[in-house]
Engineer: 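Got a structure for you, questions after.
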Protein chains: 2
Amino acid sequence: MARRTPSAQELHRRAVATYVKAGGEESVQRVITAVQGLTKKLDQWYAHQLVDLEVTAGEWAVVTSLAKAGEALTPSQLAELTNVAPSSMTHRLDKLAERGLVERSPDAENRTRIHVSLTDAGWQLFSVAIRGSDVVESDVLQDLSDAERGELARLLEVVIARLDDIDA
Amino acid sequence: MARRTPSAQELHRRAVATYVKAGGEESVQRVITAVQGLTKKLDQWYAHQLVDLEVTAGEWAVVTSLAKAGEALTPSQLAELTNVAPSSMTHRLDKLAERGLVERSPDAENRTRIHVSLTDAGWQLFSVAIRGSDVVESDVLQDLSDAERGELARLLEVVIARLDDIDA
DNA sequence: TACGAAGTATTCGATATCGAAATATTAGCA
DNA sequence: TGCTAATATTTCGATATCGAATACTTCGTA
């Protein structure tokens, strides 16, 4: 039994202090660190849930990317969206196609491209998993009022809107 | 050249719509989706920067975890913090120790445990990388006023404070 | 004290991922 | 039209990661 693992709150506090000491601006680090800490916790919970569905985190990322896009995507786009090398996507898609969760079809206009889309089974898996994760996500925000959730969402969306301008 | 990749804002909008259609609550999904989208973008930028330093994302996660903790950690703790299997950590630490960035030392009280800590070179690498990433992070938040940043940080920290209660 | 259960790091074989090269198609332009 | 550069996917060899098994230590308790 290890020395008690520090709470997420304590980890956050220390992380911000470390970054500030290293020269980071406090208001920036409080936000960035909290966002990353939250995502990490969410990822851990998702991974736990996905075991039951016999899907790896990487495979789940492909399924959600396709679901969220609302249209067919190419292997390259999926690699970009899921932060993985294009060559890795080939194998992932092989496995997903083998299980009947996605299907590949040729692009009519450009024969170097391939369209990847969710099958009915893929959509079904997506729905099942979403119902599970939504429970956790609601719990996470339960200490915020409706007004606070709206404000939090608004502020985050201001940040999101700027993302593309930065890496351009 | 692929069909133009949708903007982060457009991806966010679609993702929220998809989750809501699948039965998720909108106020929840707007927040969760934005947080995940932001983290993904940050990860992409970090990965780009880390190439120059000859450090993989996984190795960087170990370095930052140790820096943020402010104390020595065990391989198990590092595996937990970086979302990786304990057996994978062994090899990562081997490589990091080989490069002189971390060092292992025995735990005086419990001989099954090992203490991992940053060397001076490890701290130096951390400092250099932080200076680089802080620039990007500040850019990300540039559309928010000081008051808004504070409010955003406050709201996120409320959420962070709840994390441990949930998976307990 | 002694002994079984639990904790901790590592090893090992199978699989996933990476970066570079290969293959094929399309776009730009002289 | 040709020819070169750029795109997109896949293949391939090297490396990283995973889950299970292993070796050892510590804890709980009879």
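Reminder, nothing fancy here: chain letters follow the sequence lines and each chain counts from 1.
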Engineer: Expressed as a whole number of angstroms, how long is the span from B:D107:CG to D:dC24:P?
Structural biologist: 19 Å
Engineer: What distance separates A:E148 CD from B:R154 CZ, expressed to the nearest 0.5 Å?
Structural biologist: 5.0 Å
Engineer: How long is the gap from CZ on B:F126 to CG on B:L101, to the nearest 0.5 Å?
Structural biologist: 13.0 Å
Engineer: Does a side-chain N-to-carboxylate-O contact under 4.0 Å join B:R149 and A:E26?
Structural biologist: no
Engineer: So, is A:R111 near the phosphate of C:dT26, with a side-chain N or O under 4.0 Å from OP1 or OP2?
Structural biologist: yes
Engineer: Nearest whole Å is fine: how far is D:dT25 C1' from B:I114 CD1?
Structural biologist: 12 Å
Engineer: Does anything in residues 87-105 of chain A come within less than 4.0 Å of DNA chain D? Heavy atoms only, and list the residues if so.
Structural biologist: A:S87, A:T90, A:R104
Engineer: Tell me the interatomic distance from A:E80, atom CD, to D:dT9, atom P, rounded to whole angstroms.
Structural biologist: 13 Å
Engineer: To the nearest 0.5 Å, what is the distance between CZ on A:R13 and OG1 on A:T33?
Structural biologist: 12.5 Å
Engineer: Can you confirm whether the side chains of B:Q36 and A:D43 place a donor and an acceptor under 3.5 Å from each other?
Structural biologist: no
Engineer: Over how many whole Å does the gap from A:E54 atom CD to C:dT15 atom C1' extend?
Structural biologist: 16 Å
Engineer: Please give, in whole Å, the distance from C:dA9 C1' to B:L73 CG?
Structural biologist: 15 Å
Engineer: Given C:dC18, D:dC18, C:dA9, identify the nucleotide with an atom nearest to the side chain of B:P75.
Structural biologist: C:dA9
Engineer: Rounded to whole angstroms, how far apart are CD on A:E59 and C1' on D:dC18?
Structural biologist: 13 Å
Engineer: What's the CD-C1' distance between B:Q77 and C:dG7, to the nearest Å?
Structural biologist: 13 Å
Engineer: If you assign each of A:T56 and A:T112 to its closest nucleotide in DNA chain C, which residue comes earlier from the 5' end?
Structural biologist: A:T56
Engineer: Could you verify whether a donor N or O on one side chain and an acceptor N or O on the other, from B:D164 and A:Q9, lie under 3.5 Å apart?
Structural biologist: no
